[in-house]
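Input: a single structure, listed below in structure tokens.
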Amino acid sequence: MEARGSRGMRLWLLSAAVMAMAMATRSQAQLQVGYYDTLCPAAEIIVQEEVSKAVSGNPGMAAGLVRLHFHDCFVRGCDASVLLDSTQGNRAEKDAPPNTSLRGFEVIDSAKSRLETACFGVVSCADVLAFAARDALALVVGGNAYQVPGGRRDGNVSVAQETNGNLPPPSANVAQLNQMFGAKGLTQAEMVALSGAHTIGVSHCSSFSNRLYSSGPNAGQDPSMDPSYVAALTTQCPQQQGQPAAGMVPMDAVTPNAFDTNYYAAIVANRGLLSSDQALLADQTTAAQVVGYTNNPDSFQTDFAAAMVKMGSIGVLTGNAGTIRTNCRVAS
């Protein structure tokens, strides 16, 4: 009886994964590169200009815009629900604990404001997010531009509780990461490639302080982390009495403002910052991909761009579904 139940569960999971991948493929097919060429010819130029202004003033904003797109797509699909403000009767996604550190909202607002002047009611907030993430990466040292299809429409529902179980926590292991990415139609290889976004940006000390002060049965330091790296991090993130460590540190301690493969090299050296980063070395298949990227940076760039485009098609609203919000913060 138990064997049949276990087999049935495996078949159900396989069926769910196949359906998720089929939905992602259909969604991707409905999006088009150059979607706004005739509808609003200046659309992508306007987004690029606003992103360029923001990133030139604050290079860290590039990572913020990529993360904003990721957090949008993993909850309700890429429908710009993460941009909606909370209302008196509803706590929106952006106010859920995993999202309170998100940034870049004002960049999207600036681009959207210009777009509404140029082409009222034409360009979706969801497309602005996808274009902004692409443009931000292209402006980082070592980053490359890639084509992003458009045609997404916006959703009008945003619920804070829906972030639960959808956004991978910093403590996730490979099995958990596979489950969460797989639920979105993304493969393990795409998960490893997308994790490379951690080569830019910063992390709050509270996201990994357990690895410095309370890891394992003896509440000591995480033995999987290089001791010299632990020493440096404890200096940057001193333990607070009864409080989580405060402050922020670069995700990539060597080249924090370059889009390169040093993130993967750090993992190989047991210097992955988050538990979910270092976990990629604990699995034979993901470890091989991590090592492969350190030896072939071009393959990482190619795989990352393809995975970003696929991620950008998760659960999209197209055609007559959804709407075009004129204010990305307010449901229309």
Side-chain angles (χ1 to χ4, degrees), residues 17 21 62-63 66-67 69-71 73-74 133 137 140-144 146 167-204 207-208 210-212 215-216 221-230 232-233 249-312:
M21 287 187 284
V66 173
R67 186 167 178 248
H69 181 41
F70 175 88
H71 279 233
C73 290
F74 265 57
L137 283 168
V140 174
V141 174
N144 294 307
Y146 52 90
L167 296 173
S171 60
N173 58 33
V174 170
Q176 292 168 325
L177 291 170
N178 281 338
Q179 187 277 323
M180 300 183 92
F181 278 72
K184 310 302 177 186
L186 297 168
T187 66
Q188 177 177 271
E190 289 162 342
M191 177 272 289
V192 176
L194 289 170
S195 296
H198 286 176
T199 197
I200 55 174
V202 297
S203 173
H204 287 268
S207 294
F208 58 86
N210 65 303
R211 302 189 71 197
L212 308 179
S215 183
Q221 296 167 346
D222 188 338
S224 71
M225 184 180 279
D226 175 60
S228 63
Y229 191 37
V230 172
L233 290 172
V249 301
M251 296 289 291
D252 175 355
V254 180
T255 53
N257 294 317
F259 194 74
D260 54 27
T261 56
N262 275 331
Y263 162 77
Y264 297 104
I267 292 173
V268 174
N270 293 318
R271 296 170 69 90
L273 185 61
L274 306 179
S275 294
S276 58
D277 297 324
Q278 196 58 48
L280 299 181
L281 198 65
D283 176 272
Q284 185 175 357
T285 306
T286 56
Q289 188 174 349
V290 166
V291 173
Y293 283 154
T294 66
N295 296 323
N296 190 347
D298 288 343
S299 69
F300 162 63
Q301 295 278 0
T302 299
D303 291 351
F304 182 84
M308 281 291 288
V309 171
K310 185 174 176 181
M311 185 193 78

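Keep in mind that what you see is a predicted model, and the values were worked out from it rather than measured.
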With sequence neighbours left out, what residues match [X] under side chain to side chain donor-acceptor pair (under 3.5 Å)?
X: Ser299; value: none
X: Asn173; value: none
X: Asp260; value: Thr199, Thr255, Asn262
X: Asn270; value: Gln278

- Over all atoms of both residues, closest heavy-atom pair of Tyr229 and Met251: OH-O, 4.5 Å

- Task: Can you see which heavy atom on Leu273 is nearest to which on Ser203, and at what distance?
- Result: CD2-CB, 3.7 Å

- Given side chains that start at C-beta, do those of Thr294 and Ile267 come closer than 4.5 Å, heavy atoms only? no

- Heavy-atom side-chain proximity of Val290 to Val268 below 4.5 angstrom: yes

- Hey, can you tell me if Phe70 and Phe181 have their rings parallel, tilted or perpendicular (30° and 60° cut-offs)? tilted

Would you check if the side chain of [X] reaches a backbone N or O of [Y] as a donor-acceptor pair within less than 3.5 Å?
X: Thr261; Y: Tyr264; answer: no
X: Lys310; Y: Gly185; answer: yes
X: Thr286; Y: Leu280; answer: yes
X: Tyr263; Y: Ala197; answer: no
X: Lys184; Y: Met311; answer: no
X: Gln221; Y: Pro227; answer: no

- Task: Would you please name every residue forming a ring-ring contact (aromatic ring centres under 6.0 Å, His included) with Phe208, sequence neighbours left out?
- Result: none

- Message: Enumerate the salt bridge (charged side-chain N to carboxylate O under 4.0 Å, His left out) contacts for residues 250-259, please, sequence neighbours excluded, ordered by first and then second residue.
- Response: none

